[in-house]
**Student:** 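Got a structure for you, written out below as structure tokens; questions coming shortly.
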There are 2 protein chains.
Amino acid sequence: MAEPLDPDLFTGCPPVAAPIRIGDKWTAKIIRCLEPGPRRFTELQTPLRGITPKVLTESLRAMERDGLLTRTAYDEIPPRVEYELTELGRSLIEPMNAGCEWSRKHLSELMRARDAWYASS
Amino acid sequence: MAEPLDPDLFTGCPPVAAPIRIGDKWTAKIIRCLEPGPRRFTELQTPLRGITPKVLTESLRAMERDGLLTRTAYDEIPPRVEYELTELGRSLIEPMNAGCEWSRKHLSELMRARDAWYASS
DNA sequence: CTGTATCCGGAACGATACTG
DNA sequence: CAGTATCGTTCCGGATACAG
């Protein structure tokens, strides 16, 4: 997994109150980042533009607590930590894909309805 | 649709930070309530135990705004209002089912991981 | 019956600065 | 590099009371 993560992985993936959500604000995106293989803390920060270390740590800890990923710290200098999906974490990809497919098919219709609502009020 | 809604429709459907969520806290449950056909405000309040009228109104308005349901007010006394799913609203049932199936299969494993985490800390 | 009007507590999320 | 420590804000959801 030497491939670096695409910094623009989630541009075009609007958090505009999308009607489907997995975990907290960042959970689903973290799962996508880890789908190809283990990643380090800093690697995750790149496509998750703007996430602060505090919030990323919180999300990762919650996911570790729920058994969605594992955290492995190597005793090196500089320190290296790797996050990797568990089977349980991977099992969320299926419903995530169902949600993404819904968005691709129907989100524009929802947005049109929303725009019309605000236009006529 | 004269069948009354089961008051216990959602007991056993824990809001315990389940990792999958459609819309706000109540959206998915409202969709389930409307799946068989149109319902009135008070009918919805029954299985949605404890929801206050303010919050139910907010959820319904947001769903109406997003084109997920329609609101029809009949000019009668006492007033009668019916909420009914649109096709767009119905289209959410598919990803919802994917989420429910995930929960049935894996939620217990998540809860076990969570319990173990707290037990060992 | 179908809502509105106020007020409020807590959690989620973020900004900024600092550390082993 | 991989975080922690503080602090502040915003937002969701609820309690309670009242209205057409």
Side-chain angles (χ1 to χ4, degrees), chain A residues 2 4-5 10 13-30 33-34 38-66 69-84 121, chain B residues 4-5 10 13-30 33-34 38-66 69-84 114 121:
Chain A
L5 285 173
F10 300 118
C13 206
V16 271
I20 297 169
R21 201 166 154 179
I22 310 276
D24 71 7
K25 184 177 177 183
W26 303 98
T27 307
K29 291 181 178 179
I30 292 172
C33 289
L34 297 181
R39 294 291 181 181
R40 307 177 58 166
F41 192 87
T42 316
E43 284 185 290
L44 293 172
Q45 276 188 304
T46 307
L48 269 28
R49 296 162 173 288
I51 193 173
T52 63
K54 177 203 162 216
V55 173
L56 180 53
T57 301
E58 284 171 356
S59 296
L60 290 170
R61 288 285 190 282
M63 293 173 72
E64 191 190 359
R65 177 201 65 189
D66 288 348
L69 52 76
T70 58
R71 176 184 183 276
T72 311
Y74 298 91
D75 205 352
E76 305 172 359
I77 291 190
R80 181 164 61 98
V81 176
E82 287 198 331
Y83 295 93
E84 183 169 17
S121 67
Chain B
L5 286 172
F10 300 117
C13 208
V16 271
I20 297 170
R21 199 161 154 184
I22 309 277
D24 70 8
K25 183 176 176 182
W26 303 99
T27 307
K29 291 180 178 180
I30 292 171
C33 288
L34 297 180
R39 293 292 180 181
R40 306 177 58 168
F41 192 87
T42 315
E43 282 185 291
L44 293 173
Q45 277 188 303
T46 307
L48 270 27
R49 295 161 174 287
I51 194 173
T52 62
K54 177 206 161 214
V55 173
L56 180 53
T57 302
E58 283 172 356
S59 296
L60 290 170
R61 288 284 190 283
M63 294 174 72
E64 190 190 1
R65 177 201 65 189
D66 288 348
L69 53 76
T70 58
R71 176 183 183 276
T72 312
Y74 299 92
D75 206 352
E76 307 172 356
I77 291 190
R80 181 166 60 99
V81 176
E82 287 198 332
Y83 295 93
E84 183 170 17
R114 192 179 288 191
S121 69

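Values below: all heavy atoms of this structure, side chains included; hydrogens, waters and symmetry mates excluded. Note that the structure is predicted; figures quoted are calculated from it, not measured.
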**Student:** Which whole-number value in Å describes the distance from L60(B) CG to dG13(D) P?
**Tutor:**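 Distance, rounded to whole Å: 13 Å.
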**Student:** Would you please confirm or rule out a distance under 4.0 Å between OP1 or OP2 of dT2(C) and any side-chain N or O of T42(B)?
**Tutor:**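 Yes, because at least one side-chain N or O of T42(B) sits under 4.0 Å from OP1 or OP2 of dT2(C).
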**Student:** If you measure from CG on D66(B) to CZ on R61(B), what distance do you get to the nearest 0.5 Å?
**Tutor:**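 With rounding to 0.5 Å, CG (D66(B)) is 13.5 Å from CZ (R61(B)).
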**Student:** Under 3.5 Å, is there any donor-acceptor pair linking the side chain of K54(B) to the base of dG14(D)?
**Tutor:**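 Present.
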**Student:** DNA chain D: F41(A) or G50(B), which has the more 5' nearest nucleotide?
**Tutor:**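 In this pair, the answer is F41(A).
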**Student:** Under 4.0 Å from any atom of DNA chain C, heavy atoms only: list the residues of residues 73-83 of chain A that qualify, in numerical order.
**Tutor:**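 The stretch gives P79(A) as the residues lying under 4.0 Å from the strand, ordered by number.
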**Student:** Counting only side-chain heavy atoms from C-beta out, which of dC13(C), dG3(D), dT16(C) sits nearest to T52(A)?
**Tutor:**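 Among dC13(C), dG3(D), dT16(C), the one nearest the side chain of T52(A) is dT16(C).
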**Student:** Taking the side chain as every heavy atom from C-beta outward, state whether L60(A) and R71(A) have any pair of such atoms under 4.5 Å apart.
**Tutor:**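 L60(A) does not reach R71(A) side chain to side chain.
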**Student:** Would you compute the distance between atom NZ of K25(A) and atom CD of E58(A) and round it to the nearest 0.5 angstrom?
**Tutor:**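 If I round to the nearest 0.5 Å, the distance is 12.5 Å.
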**Student:** Does R39(B) place a side-chain N or O at less than 4.0 Å from the phosphate oxygens OP1/OP2 of dT2(C)?
**Tutor:**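 Indeed not, no polar side-chain atom of R39(B) lies that close.
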**Student:** Does the side chain of T27(A) reach to within under 4.5 Å of the side chain of P19(B), using non-hydrogen atoms?
**Tutor:**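 Not in contact.
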**Student:** Which part of the nucleic acid does K25(A) contact within heavy-atom distance under 4.0 Å: base, sugar-phosphate only, or nothing?
**Tutor:**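 Sugar-phosphate contact only.
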**Student:** Measuring only between side-chain heavy atoms, which start at C-beta, is I51(B) closer than 4.5 Å to Q45(B)?
**Tutor:**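 Result yes, sub-4.5 Å side-chain heavy-atom pair found.
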**Student:** Are any non-hydrogen side-chain atoms of K54(B) and T52(B) less than 4.5 angstrom apart?
**Tutor:**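 In contact.
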**Student:** Can you tell me how far apart CD (E43(B)) and OH (Y83(B)) are? Round to the nearest 0.5 Å.
**Tutor:**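 Result: 12.0 Å between the selected atoms.
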**Student:** Could you say whether R61(B) or W26(A) is positioned toward the 5' end of DNA chain C, judged by the nucleotide with the nearest heavy atom to each?
**Tutor:**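 Its nearest nucleotide being more 5', the pick is R61(B).
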**Student:** To the nearest Å, give me how far apart CG (L56(B)) and P (dA15(D)) are.
**Tutor:**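 These atoms are roughly 14 Å apart.
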**Student:** At what distance, to the nearest 0.5 angstrom, does CD of E82(B) lie from OG1 of T72(B)?
**Tutor:**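 The CD atom of E82(B) sits 7.0 Å away from the OG1 atom of T72(B).
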**Student:** Check whether any side-chain heavy atom of F10(B) lies under 4.5 Å from a side-chain heavy atom of R49(B), and answer yes or no.
**Tutor:**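 No, too far: nothing below the 4.5 Å cut-off.
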**Student:** Are any of R40(B)'s side-chain N or O atoms less than 4.0 Å away from OP1 or OP2 of dC1(C)?
**Tutor:**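 Indeed not, no polar side-chain atom of R40(B) lies that close.
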**Student:** For I51(A) and dA2(D), give me the distance from atom CD1 to atom C1', rounded to whole Å.
**Tutor:**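 Answer to the nearest Å: 14 Å.
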**Student:** Rounded to the Å, how far apart are L48(A) CG and dG14(C) C1'?
**Tutor:**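 For the pair L48(A) CG and dG14(C) C1', the rounded distance is 14 Å.
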**Student:** Mind calculating the distance between CZ (R49(B)) and C1' (dG14(D)) to the nearest angstrom?
**Tutor:**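 Spelled out: CZ on R49(B) to C1' on dG14(D) is 18 Å.
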**Student:** Below 4.5 Å, heavy atoms only, C-beta onward: do L56(B) and F41(B) meet side chain to side chain?
**Tutor:**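 Yes. Closest side-chain heavy atoms under 4.5 Å.
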**Student:** Just how large is the angle between the end axes of the helix from dC1(C)-dG20(D) to dG20(C)-dC1(D), five pairs per end, to 10 degrees?
**Tutor:**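 Axis-to-axis angle, ends of the helix: 50°.
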**Student:** Find the distance E58(B):CD to dC11(D):P and express it as a whole number of Å.
**Tutor:**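 My rounded result for the distance is 13 Å.
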**Student:** Would you mind reading off the distance between D24(B) atom CG and dG13(D) atom C1', rounded to a whole angstrom?
**Tutor:**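 In whole Å, dG13(D) C1' and D24(B) CG are 9 Å from each other.
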